[in-house]
Structures are given as structure tokens and as C-alpha cells.
Amino acid sequence: MRPELERILQKVQKPSRYTGGEWGEIIKDKSEVDFRFAFCFPDTYEIGMSNLGMRILYGALNEEPGVWCERVFAPWGDMEDEMRAAGVPLYALESGDPVKDFDVIAFSLGYEMAYTGVLDMLDLAGLPVRSKDRPGLAPIVMAGGTSCINAEPIADFVDLFLIGEGEELDLEVVRLLKKARAADWSKEKFLAEAAKIRGVYVPSLYNVSYNADGTVKAITPLAGAPEKVTKRIIEDLDSAYFPTRTIIPSTEIIHDRVVLEVMRGCIRGCRFCQAGYAYRPVRRRSTEKLLDIAKEALTDSGYEEITLSSLSTSDFKGLGELCDGLLDWCEPRMISLSLPSLRADNFSMDIMERVQKVRKTGLTFAPEAGSQRLRDVINKNVTEADLLNSCKVAFQGGWSTLKLYFMLGLPTETDEDVLAIADLAHKVQECWYQNTNNRSRGVKITISTSLFVPKPHTPFQWEAQISSETYQHRVGLLKEAVKKYRSITYNWHNTEISLVEAVLSRGDRRLGPVIEEVWKNGGRLEAWSEYFSLERWKEAMEKHGLSMDFYAFREREESETMPWDVIDVGVRKSYLLRERHTAYEGRITPDCRAQCTGCGASELVYPRKCDE
């Protein structure tokens, strides 16, 4: 470790965030490495190390001969200030080498509020933040992750985007870049060739024109670039790489346990859920493969907890068989098994009793809306009877702590729908009184609400976000309504970050200068309330002649060209429109297990149909 870094670490919070040296990190002999890959997460170590996707790609890239993938996280403000003062550039944890010396700098972008962090990390590395100001092949800056299915707001800063799942795609780009360096290609030639790889979006190869009203007129491909960039998926999860030797963090992180990904995609069609559409079609790992992965990962890591991960774990076929197999191995070793992503319509007391033998935790359900009318609008496919029956079973089984998640501002929502949340929570409370075997413990019900953000590639991508004033009005209604109920707590999210998220999630390339302006004025870890400033965003928008209202509060015309129309996630736009119309009719669409609704996603794995 460099002497100046040793001095810095004595002055900052949680210095273990910045030292590396954890059990399970991958160290390679530099003499045997001809390609350096900096995997950057534009948030803190605790958040990044909890990200399963980063762990998967870290391991997969390091399996490639001659490639060394290292981790880079955004420093907290105190560390960044010290680094800049001492002239210490951003460095990778494994080697301590400056990031600017790597061949690829790759960012994982799962959340729009991380965009200023990308610029901050590039600048801290000593690199120009704009792609056009980095003319050579080293380093190439790329990005992947869910928010990249609308890459336009950050297109000025990234050379290429990886759309979809990266286990194979990352390696194809690395191999092409190796070839380009060996043949002394220009950056322009490399990007033109990279654009021929399915799933690679090169924004510099597309010209975007605008109408007089500010909407997108056309997105025109240049230099032979494809008209549409189709996402990549892993068809067979059993044969895909999955890390069984995991890095054991040297400081506390958010999810400090073995995470077992059971499937990708979701059979449900919740109309607000971007991930539910972005990760279609449904693909599952076999129970046998999952058991092998779990045992190996737990043995290697020494963790005492394993969690099953997916968008809707309780929809996994054979969940009971998997849990039985895991518990047969875990219980004698005092290893607990947890099940997030529970559905209120298929909650199994039998499974939960077996799962929580080692350690009993609280339960969480997400009805999303208080009234059945609004749940039908969003296609939640959960009834009040479903929720209360699941609660009854849980309360009879000894549970007394329950969290309920809702969104405010959903399309067609009224004050009556908001008040229905309080009524539903009260019915859950009454359900506990009627079914508990131990009233002396009391019941704790927590309601949480967040502000609905319309997202690209969903049936609600055309909707307007409600104003902050309307949201606060509805929060006030709900807050007043739950006052009369003992044992019910209400938490609500701040609207300011959700407003900026709405602007960025449905924005276009004209937001690039805004993001840069916010960063220059101090914006960095914008997802954190300690650093976020709405005024900074408003001032930047005004300076560049743009309006937050235009991006966040404007309902889109159905004929409008969307900034993200160049990206094909496999779900047809005509299907999304049909789902929007169905929503306004208050009708539900069956889930994939009940009936194929023809969204188009199964064509990504043609001729094999999706697993459901």
C-alpha cells in the first residue's frame, strides 16, 4: 500500500472499504495477464458488494485466460476529498493500480441516480468524462445494467452499452477489443465492429433529431449500425457461470450472505415493473444444480445464511423440493434459509415453517395498491382475500411482524384508493387478533409507500408522474387515516429523488449536459440524501433550457418516438400499448403460467419456449 494511502485511511470512515485483501478476492500474476478490466460500481462498497450481478460477472471475466477483472467502488465523500487533496487517483481494490491504466472501465448501472457517480469516478481516475474526449482504444468505457435500456441521458459519456445479460456479452467485447489492439484499429473502427455484436449499443453511431415541441423526431443509425439493438440473454442457466467461491467482505455490507439465484424473469405481468419486462422470458435453474451451487458456496464461504433470489421466488417451480433439499443440508449446520419476494396469493405456511426453523424473521408482502380496482389496473393479480388468507396462515404460525409495501401515484389512482390502504392494513391487524395464539406479544404492521416512477419498456411508459404536491396530499390522507389504528406504523419516501429519477429514466440525450452540470456543482452520490440536492438539478435544467415538467409530468402521446425505441428488450411495443389499454379498462392479464399472452419475449430463445 502506498504511504500516502496509508495516511489517508487514518482520516476516513470505514477504511476497510478501500483496502481490498478480502478472502476470496482474485489476485493474478501480472506477467500472465494481457488484459485489465476495471469493474466499477458507482456507489459505495457496501452497496456494490451486495450486488449479485457484479459478483457473477467478476467471476466469469476472471475465468477468461489472460484477463484480470478487478473491483472499483465509489468512495464516500470524506475519502474522495482526501484522495483529491493528496493526488491519489481512483484505483482498483485487488492490485491498487490506477483505473486509468486499465483496458476497459465498465460500470454497472442499475439505477439512474448513479449517473453523476460515473462522471465523478472517471474524473477521479484522471480521465475526460466525455467519450469524444477519449480518442484512443485504452481505456474503453462501457456500461451495462437495467437502467441502460434507456441509455440516452448518459450517452455522451460512455463508449458502448451492453444491453441484457453480460456473462457471454462481456467476454465477446473483450475478445474483440484484444483483436482491435493487436491490429492497431482506431477507436471508431472498433466501435463500428462492436455494434455488430448482438446486445451492443454504440450511441455515437446514431443521430437523434427533435421536433419543435422537444419530442424525439427520429433515431437514425449511421455507419451500418443496426436499426434496433436487441438485448442478450442467457438461455440455459444451468450451464451459465455462477460464483461458488465468493468474496467475503472485510466490512459489513447490505446482503452479507450466500445469494442463490433460482431463476430470471417473472411470470407475472405487473404493468409498473420494469424488471419484470426487461428480464423476460422466464428461465430457471434445475433443483439439482441449485443444490450443488448452494452447498459449495456455503462450504467455501462459511456463511450461516443463504437467501433465494429472483423477481418472484415463490413462483419457482419445485420450491418445496428445493427448500427440503437445502434444509436437509443446512439445519444440521445451523444455517438459515430466507425467502424474499413472497407473493400474497401463493404464500405457503408449510414452506415458511420449514424455512424459518433456524431463525424466524418478519414477513413482507407488496400489495402495491389498497383497492382491488387499482390492483387490477396495475395487473397485480392479488386479491384482498389472498392477502388476508396468507396473513391468517402466518399469524396462526406465530408471526407477529408484517411489512406491507404500496406505491402512490399509480395511473388512475384516486383519494379513495389511498384510503383503501389504511382499510386494508386495519383488516390485516384484525386478522392478527382473530388468529394469533399469543396476544401478549402484540402485532407490528408497517406500511411503506413510495412514489410511482413511470419506466421505459413498461405499459406505463407513457404515463405522467404525479406532482410532489399531489403526492404529499395523498401521504397526508394516509397518515391521518392510520392514526386511529394502534400497532400500524406508516413510512413514506421523499419525493425529490423520485422526481429526478423520473426525469432521468425517461430522458433523452439533451440531459447529458445537465448531468455534467450537476456533477461539476458537487453532485456525486445522488442516491444518498446526504449528497442529493433538488435545487442543484433544477438549476442545471434551467441553465440548459430544459424542464423537469416536460420529462416527469408530461403524459406521452402513444404515437411519440421514445428516446429508448432503439433498444429492443424482446417485448413488443404493440404489446405494451395493448396492456396500457387493458389497464384503463380495469382488466387483468393472466400470468405466463396460466396462458401465453404473446409479448414476444419467447422469440429471444426460439425455437425453445420460455420455461413457464
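We number each residue from 1, following the sequence as shown.
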Open item on the list: Tell me whether the count of non-hydrogen atoms from other residues, nucleotides or ligands lying under 6.0 Å of NZ in Lys217 goes above 12.
Closed with: no
Task: Set of side-chain contact (heavy atoms from CB on, under 4.5 Å) partners for Glu555, sequence neighbours left out - done: Ala464, Arg580
Open item on the list: Does atom NZ (Lys187) have a neighbourhood of more than 12 heavy atoms from anything else shown, all under 6.0 Å?
Closed with: yes
Open item on the list: Under a 4.0 Å threshold between the charged nitrogen and the carboxylate oxygen, would Arg264 count as salt-bridged to Glu235?
Closed with: no
Task: Asn211-Thr215 side chain donor-acceptor pair, cut-off 3.5 Å - done: yes
- [ ] Answer yes or no: does atom NZ of Lys295 have more than 12 heavy-atom neighbours from other residues, nucleotides or ligands under 6.0 Å?
- [x] yes
Open item on the list: I'd like to know if Asp156 pairs up with Arg509 as an ion pair, taking the criterion as any Lys NZ or Arg NE/NH1/NH2 lying under 4.0 Å from an Asp or Glu carboxylate oxygen.
Closed with: no
Task: Asp386 side chain to Thr383 backbone, donor-acceptor under 3.5 Å - done: yes
Open item on the list: Whether Arg510 and Asp508 form a salt bridge (side-chain N of Lys/Arg under 4.0 Å from carboxylate O of Asp/Glu) is what I want to check.
Closed with: yes
Open item on the list: Quick check against the 3.5 Å criterion: does Thr299 have a side-chain atom that pairs as donor or acceptor with the backbone of Glu296?
Closed with: no
Open item on the list: So does Ile163 get a backbone contact from the side chain of Arg232, meaning a donor-acceptor N/O pair under 3.5 Å?
Closed with: no
- [ ] With the side chain counted from C-beta on, respond yes when Val377 and Tyr584 share a heavy-atom pair under 4.5 Å apart, and no when they do not.
- [x] no
Task: Side-chain (Ser310) to main-chain (Ser312) donor-acceptor, under 3.5 angstrom - done: yes
Open item on the list: Students often mix this up, so state it plainly: with edges at 30° and 60°, are the rings of Phe452 and Phe460 parallel, tilted or perpendicular?
Closed with: perpendicular
Task: Sidechain-backbone polar pair: Arg55 side chain, Met49 backbone, donor-acceptor under 3.5 Å - done: yes
Open item on the list: So, taking the atom named CG in Leu191 and the one named CD1 in Ile140, what distance separates them when rounded to the nearest 0.5 Å?
Closed with: 5.5 Å
Open item on the list: Less than 4.5 Å apart, side chain to side chain, heavy atoms only: is that true for Asp568 and Val229?
Closed with: no
Task: Residue pair Arg285 / Asp238: nearest heavy atoms and the distance that separates them - done: CA-OD1, 3.4 Å
Task: Atom pair CD/CG of Glu64 and Leu171 - distance to nearest 0.5 Å - done: 5.0 Å
Open item on the list: Within 45 degrees of the ring normal and closer than 6.0 Å to the centroid, is that where the cationic atom of Arg71 sits relative to Phe41?
Closed with: no
TODO: Check the surroundings of atom NZ in Lys178: do more than 12 heavy atoms from other residues, nucleotides or ligands lie under 6.0 Å from it?
DONE: yes
Open item on the list: Tell me if a side-chain donor or acceptor on His457 pairs with a main-chain N or O of Ile149 at a distance below 3.5 Å.
Closed with: yes
- [ ] Check step by step if side-chain contact (heavy atoms from CB on, under 4.5 Å) holds for Arg284 and Leu237.
- [x] CA-CA 7 Å; Arg284 302 183 301 125; Leu237 289 186; 5.9 Å; no
TODO: State plainly whether the residues Glu112 and Lys455 are in salt-bridge range, i.e. N to O under 4.0 Å.
DONE: yes
- [ ] Hey, could you give me the CG/CE distance between Leu177 and Met142, rounded to the nearest 0.5 Å?
- [x] 8.5 Å
TODO: Answer yes or no: is there a side-chain heavy-atom contact under 4.5 Å between Tyr58 and Ile247?
DONE: yes
Open item on the list: Tell me the closest heavy-atom pair linking Trp462 and Glu557, and the distance in Å.
Closed with: CD1-O, 3.4 Å
Open item on the list: Quick check: closest heavy atoms across Gly199 and Leu169, and the distance to 0.1 Å?
Closed with: O-CD2, 3.7 Å
TODO: Examine distances only and state if a side-chain atom of Lys231 and a backbone atom of Ile567 form a donor-acceptor pair shorter than 3.5 Å.
DONE: no
TODO: Report yes or no: does Asn62 contribute a side-chain atom to a donor-acceptor pair with the main-chain N or O of Cys69 at less than 3.5 Å?
DONE: yes
Open item on the list: So which atom in Thr597 and which in Arg578 form the shortest heavy-atom distance, rounded to 0.1 Å?
Closed with: O-NH2, 2.7 Å
Task: Shortest non-hydrogen contact between Arg373 and Thr412, atoms and distance - done: NH2-O, 2.9 Å
- [ ] Verify, without hydrogens or angle tests, whether Glu560 (side chain) and Arg556 (backbone) share a donor-acceptor contact under 3.5 angstrom.
- [x] no
Open item on the list: When you compare the side chain of Arg506 with that of Glu152, does any pair of heavy atoms fall below 4.5 Å?
Closed with: no
TODO: Answer yes or no: are there more than 12 heavy-atom neighbours, outside Lys228 itself, under 6.0 Å from its atom NZ?
DONE: yes
- [ ] Decide whether Glu579 and Thr589 meet the rule of one side-chain donor and one side-chain acceptor closer than 3.5 Å.
- [x] yes
TODO: For residues Gly512 and Phe157, report the shortest heavy-atom separation together with the two atoms involved.
DONE: O-CZ, 3.3 Å
Task: Distance in Å, Arg375 CZ paired with Cys270 SG, rounded so as to fall on 0.5 Å steps - done: 12.0 Å
Task: Electrostatic pair Glu172-Arg175, nearest N-O below 4.0 angstrom - done: no
- [ ] Assess the side chains of Tyr303 and Asp256: does a donor N or O sit below 3.5 Å from an acceptor N or O?
- [x] yes
- [ ] Quick one: do Thr146 and Tyr279 satisfy side chain to side chain donor-acceptor pair (under 3.5 Å)? Show the steps, please.
- [x] CA-CA 9 Å; Thr146 307; Tyr279 287 100; 2.8 Å; yes
Open item on the list: Classify the ring geometry of Phe35 against Phe37: parallel below 30°, tilted from 30° to 60°, perpendicular beyond 60°.
Closed with: tilted
Task: Residues Glu463 and Arg554 bridged, charged N to O under 4.0 Å - done: no
Task: Among Val174, Val104, Asp103, the one residue meeting side chain to side chain contact (heavy atoms under 4.5 Å, CB included) with Val67 - done: Val174
Open item on the list: I want to check something: taking the side chain as every heavy atom from C-beta on, are Arg587 and His581 in contact at a cut-off of under 4.5 Å?
Closed with: no
- [ ] Working to the nearest 0.5 Å, report the span between OG of Ser450 and OH of Tyr405.
- [x] 9.5 Å
Open item on the list: Between Trp329 and Leu291, is the side-chain contact (heavy atoms from CB on, under 4.5 Å) condition met? List the steps.
Closed with: CA-CA 9 Å; Trp329 193 87; Leu291 289 172; over 6 Å; no
- [ ] Report yes if some heavy atom in the side chain of Leu205 is under 4.5 Å from a heavy atom in the side chain of Pro221; otherwise report no.
- [x] no
Task: Side chain Arg283, main chain Pro281, donor-acceptor under 3.5 Å - done: yes
Task: Interatomic distance, Met263 atom CE to Leu308 atom CG [nearest 0.5 angstrom] - done: 10.5 Å
TODO: Check the pair Asp159, Ser131 against side chain to side chain donor-acceptor pair (under 3.5 Å), reporting the backbone distance first and the verdict last.
DONE: CA-CA 6 Å; Asp159 299 321; Ser131 175; 2.4 Å; yes
Task: Validation row: Thr307, Val258 side chains within 4.5 angstrom (heavy atoms) - done: no
TODO: Please assess Ile421 against Leu404 for the test side-chain contact (heavy atoms from CB on, under 4.5 Å), listing each intermediate value before the final yes or no.
DONE: CA-CA 9 Å; Ile421 295 174; Leu404 299 172; over 6 Å; no
Task: Axial cation check for Tyr277 ring with Arg280, 6.0 Å and 45° limits - done: yes
- [ ] Please confirm whether Tyr206 and Tyr201 have ring centers closer than 6.0 angstrom.
- [x] yes
Open item on the list: Are Val503 and Phe550 packed together at the side-chain level, in the sense that at least one heavy-atom pair is separated by less than 4.5 angstrom?
Closed with: no
Task: Asp315 and Arg268 ion-paired at < 4.0 Å - done: yes
